Amino acid sequence: MDRLPGWADAVLVPLVSLLLAAILSALVILAIGESPVEALRIMITGAFGSTYGWGYTLYYATTFMFTGLAFAVASHAGMFNIGAEGQAMLGGLGVALVCLALPWPHWALALPAALVGGAMFGALWALIPAWLQATRGSHIVITTIMFNLIAAALLNYLLGGVLRPAGSVESATARFPEGATLPTLHDMLAPFGISFSKAAPVNISLFVAVFACLFVWVLIWRTRLGYEIRALGYSQTASRYAGIGPVRIVVVAMLISGGLAGLMAVNVVMGEAERLLLNPTEGAGFIGIAVALMGRNHPLGVFLAAILFGFLYQGGGELGLWTSIPRELIVVIQALVILFTGALDNMVRMPMERAYGAMRRRRKA
Amino acid sequence: MEFLTLLQVLDSTVRLAIPLLLACLAGLFSERAGIFDIGLEGKMLIAAFFSAAVAYVSGSACVGLLAGIASSMLLSGLHGLASITFRGNQLISGVAINFLAAGLTVLIAADWFQEAGRTPSLGSGARFVPIDLPFADSLGPVYGELVSGHTILVYLAFLCVPVSWWVLYRTRFGLRLRAVGENPEAVDTAGISVPGMRFAALAICGVLCGVAGAYLSTALQAGFVKDMTAGRGYIALAALIFAKWRPWYALWATLLFGLLQAVALRYQTLELGGIAVPTQLMDAAPYILTVVILAGFVGKAIPPKSGGVPYVKER
C-alpha cells in the first residue's frame, strides 16, 4: 500500500474531508430552497464582518480549543474521551463554587483560582472512568457517556436546590461578585487605542486557551510523560514491555483531558454568563471531538479547527436570524465534518493513496 | 401505596420501557455482530420524525411506521458504510449519526411544516391507538389496566424478545451472527461473508430502532418534538450492558429502567425510609447502575470479543 507523505496526510486529507462536508451542506441548503452562496456570504459577514462578529467567533473558538485539546490528549493515549461534556459541566460547578466562595477583589486573583477550580472538578469527573478503564477494563466510552448524563442530573439537582439563591425561581446560582468579572477583549484593547465591540463576550480566557495549546504541544512532544502517553496510544503491549505503566498513564492522560475540558467553563461560566446556569456546555464537549478530528489531534490543528467551528457557530447563528434556515444547520455540518474526517476517513484517504502511488510509479517509469 | 396507583405506575413503566426495549434489542443485534453502535439515539430520533411527518401527511400510522423504519435503516446503512466498508472508527461514526439526526430533523421540519423542530400534532387516524384485548372489562383490573389497552407496537415489542432469543440462539443465522462478533476469522474461514453478516445485523438494528422511534412519536405522543428521544438511546445502551448482551435480560433491564423513569415522572420527591430521594437521583440511577455493573463489582459484563474492531480479510 502506498503511504501518503506526512504533509498530505496532515493537511490534504482534512481539507478534502472539509470540502466534502461543505458540498453536502450546500446540497442540504439547496434542498430546503435557499441559496448556498447567499448563506455562505451571510455566515462570513456575520462571523468576520465586524469586531462584534469576530468577538463571538473567538469566544466560541476559545471554548472549542479547550474541549478539542481535551479530546486530543486522551486520543494520544488511545482513549476515546466522549465525556468532555460532563467534565466541562463539573468544571462549571468548580468555577462557580470558586467564584462564589469569596468576595473577589480583582479578576487577577479570581482567574487563577477559577482555573484551578474548573480544572480540578473536570479532572475529578474523568478520574473514575479512567481508573475503571485502567484497572478493571470498563469501556471508557460507555462510562464517560454515563458520567455525562450523571453530571447533567447532578447539576440539575444542585441548581434546583442547594445552589439556588433564596427567593429565586430560576435554576441558576447567584451572580458572581464584581471582582470576578473577566476583562473582555474590549477592555483589554482599549488602552492601546484599538476599539473592539463591547457586546462581544470574548475575554481573557482566549489567551488561556492559546496558552493551553502551547502547553499541550510541549506536553505531548517535548516531555517524557508525553512520550509515554503516545507510546501507550500506539501500542499497549509494546509500551508495557518498555516499562511504561499503563494504569498510571491512562489515569494521568484522562486527568489532563478532564482538566482541559473543565477549563472551558472559565470562558463560558465566568467570562460570559457570570453565574452557573443549567446546561452550561451546550454540546461544546461533543464539538471538541469534531475539532480534534479535524485538527488531527495536534494543538495547532485544534487551534485552527476551533476557529473554523467558532466561525460556523457565529455564522450559523446569523443564518438563523436572517434566513429561514434554522441554526441547527450547524449541527448537520458538524455531523458531516465528524463523519468525513473521523469515520469515513479511509474513503477520502484510499483514493488519494492510490492516486499518489500511480503518480510516483509514472515518475519512476 | 394504593393498589390503583401501583397499577398506574406499572402501566406507565410498560409504556416507557418499550422504546428502551426496542432500542436495546437493536443494539444487541448490532453489538453481537461486532459493531458498536452509539448511534441508537440518532436512529430513533430520525425514525420518530419521519414516522410522525409521513403519518401526518398520509394520515396513516402504518405508512408512517414504514417511513420511520426506512429512515432509520438508511442511517444504519451509513454506519455500515463507515464502519464495515471503510473500516472507520465505529464510535466516531455513531457520534456523527447522532448529530446528523439531531440537525436534520429540525431542518426538515422547518422546511416541511414551517415549524422548527416539530410536526403538527397527529389526529387519531395517524397514530397508533390503544387496543382493548378481549374481556378487558371482566377479568379484573390487572388484566384490564396493565395487560390490555396498549398499542399494537407494545405487544410487538414484547414479542420481539422471544423472537430475538430464538433467532440468536436457535438458528444458523443467529449462530453466525454471534460468531462474527466473537471471532470473525473463523466465520470467514467457513466461507461466510463477514461484511454480509454485519450488514444484516445492522439492518435488523435499523428496523428495531425505526419501530422504537415510531412508537415515541406516533404512539406514546402525538407528534414529533425536537430531541424527543431525550437520551433514551444511551439508556438503552446502558440496559444492553446491564443485560450482558442477552435478549431476556434486556427485557428485565429495560423494565427496571422504565420503572425508574415512571416513578421519577410521578413523584417529584420520593420518601424512602424517611429520606427524601430527589428525582434527579432516579433519573441518574440507570447510569449509575451501569457504571457499577461495568466496574465488574456486581457480576461481570463481558462484551462480544471482536466488538468495535473492523475486520480485515487476510491475504
Side-chain angles (χ1 to χ4, degrees), chain A residues 28-29 31-34 80 82 128-129 131-132 135-139 141-143 145-158 160-161 283 286-287 289-290 293 320 324-350, chain B residues 36 38 42 78-79 81-83 85-112 114 116-117 226 231 234-235 237-238 241 278-291 293-297 300-301 303 307-308:
Chain A
V28 170
I29 297 175
I32 55 177
E34 295 271 346
F80 194 95
I82 197 171
I128 299 169
W131 184 76
L132 287 177
T135 60
R136 313 208 47 109
S138 324
H139 205 300
V141 173
I142 306 290
T143 45
I145 288 178
M146 297 302 132
F147 268 69
N148 284 343
L149 299 158
I150 298 170
L154 179 68
L155 221 56
N156 198 339
Y157 170 68
L158 290 175
F286 296 114
I287 298 157
I289 301 176
L293 287 172
S324 65
I325 306 171
R327 65 169 317 188
E328 272 75 10
L329 176 69
I330 324 164
V331 182
V332 176
I333 298 179
Q334 183 187 323
L336 292 171
V337 169
I338 295 178
L339 194 67
F340 283 114
T341 54
L344 287 173
D345 193 49
N346 280 331
M347 190 178 85
V348 178
R349 182 174 285 126
M350 280 171 181
Chain B
F36 279 156
I38 52 177
L78 183 64
H79 190 49
L81 183 76
S83 54
T85 313
F86 288 108
R87 301 197 289 271
N89 188 322
Q90 301 171 4
L91 301 166
I92 296 177
S93 168
V95 172
I97 282 173
N98 286 343
F99 279 124
L100 201 59
L104 276 182
T105 46
V106 177
L107 231 57
I108 300 174
D111 187 41
W112 285 5
Q114 278 73 49
K226 182 184 166 185
Y234 297 119
I235 304 184
L237 221 51
I241 293 157
T279 50
Q280 288 89 353
L281 188 64
M282 302 287 244
D283 292 335
Y287 316 127
I288 297 171
L289 283 174
T290 305
V291 173
I293 288 282
L294 269 176
F297 297 118
K300 193 139 179 73

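Here the structure is a predicted model, which is why all the values come from computation and not from measurement.
- Looking only at heavy-atom pairs under 4.5 Å with chain B, the residue among I128(A), I142(A), L336(A) that has the most is I142(A).
- With a threshold of 4.5 angstrom between heavy atoms, N156(A) approaches chain B through its backbone and through its side chain.
- Taking chain A as the reference chain and counting heavy-atom pairs below 4.5 Å, the highest number among L281(B), D283(B), T290(B) is found for T290(B).
- The stretch residues 95-112 of chain B participates, sequence neighbours left out, in these side chain to side chain donor-acceptor pair (under 3.5 Å) pairs: N98(B)-Y234(B).
- At distances below 3.5 Å, not a single donor-acceptor pair connects side-chain atoms of N89(B) with backbone N or O atoms of A343(A).
- Here the CG atom belonging to L344(A) is positioned 7.0 Å from the OG atom belonging to S93(B), to the nearest 0.5 angstrom.
- Checked against ring pair (Phe, Tyr, Trp, His ring centres under 6.0 Å), F147(A) has the following partners two or more places apart in sequence or in another chain: W125(A).
- Using a 4.5 Å cut-off on side-chain heavy atoms (C-beta onward), F99(B) and V332(A) make no contact.
- Heavy atoms of V28(A) lying under 4.5 Å from chain B belong exclusively to its side chain.
- Heavy-atom distances place no part of I235(B) under 4.5 Å from chain A, backbone and side chain included.
- Considering CZ of R87(B) and CE of M350(A), their distance stands at 4.5 Å, rounded to 0.5 Å.
- With a 4.5 Å cut-off on non-hydrogen atoms, L293(A) touches chain B through its side chain but not through its backbone.
- There is no contact between A152(A) and chain B, counting heavy-atom distances below 4.5 Å.
- Nearest heavy-atom pair across A295(B) and L132(A) is CB-CD2, 3.5 Å.
- The closest side-chain heavy-atom distance from I82(A) to I38(B) is below 4.5 Å.
- With values rounded to the nearest 0.5 angstrom, I150(A) atom CD1 is found 5.0 Å from I288(B) atom CD1.
- Heavy atoms closer than 4.5 Å to chain A are found in the side chain of L78(B), but not in its backbone.
- Neither the backbone nor the side chain of I330(A) comes within less than 4.5 Å of any heavy atom of chain B.
- Proximity to chain B involves both the backbone and the side chain of Y157(A), based on heavy atoms less than 4.5 angstrom apart.
- For the pair V291(B)/S138(A), no side-chain contact is recorded, criterion being any heavy-atom separation below 4.5 Å from C-beta on.
- The line from CD1 of I92(B) to CD1 of I289(A) is 8.0 Å long, rounded to the nearest 0.5 Å.
- With a 4.5 Å cut-off on non-hydrogen atoms, L339(A) touches chain B through its backbone and its side chain both.
- To the nearest 0.5 Å, atom CE of residue M347(A) and atom CZ of residue F86(B) are 5.5 Å apart.
- With chain B as the partner, the residue from M146(A), E34(A), R349(A), H139(A) showing the most heavy-atom pairs under 4.5 Å is M146(A).
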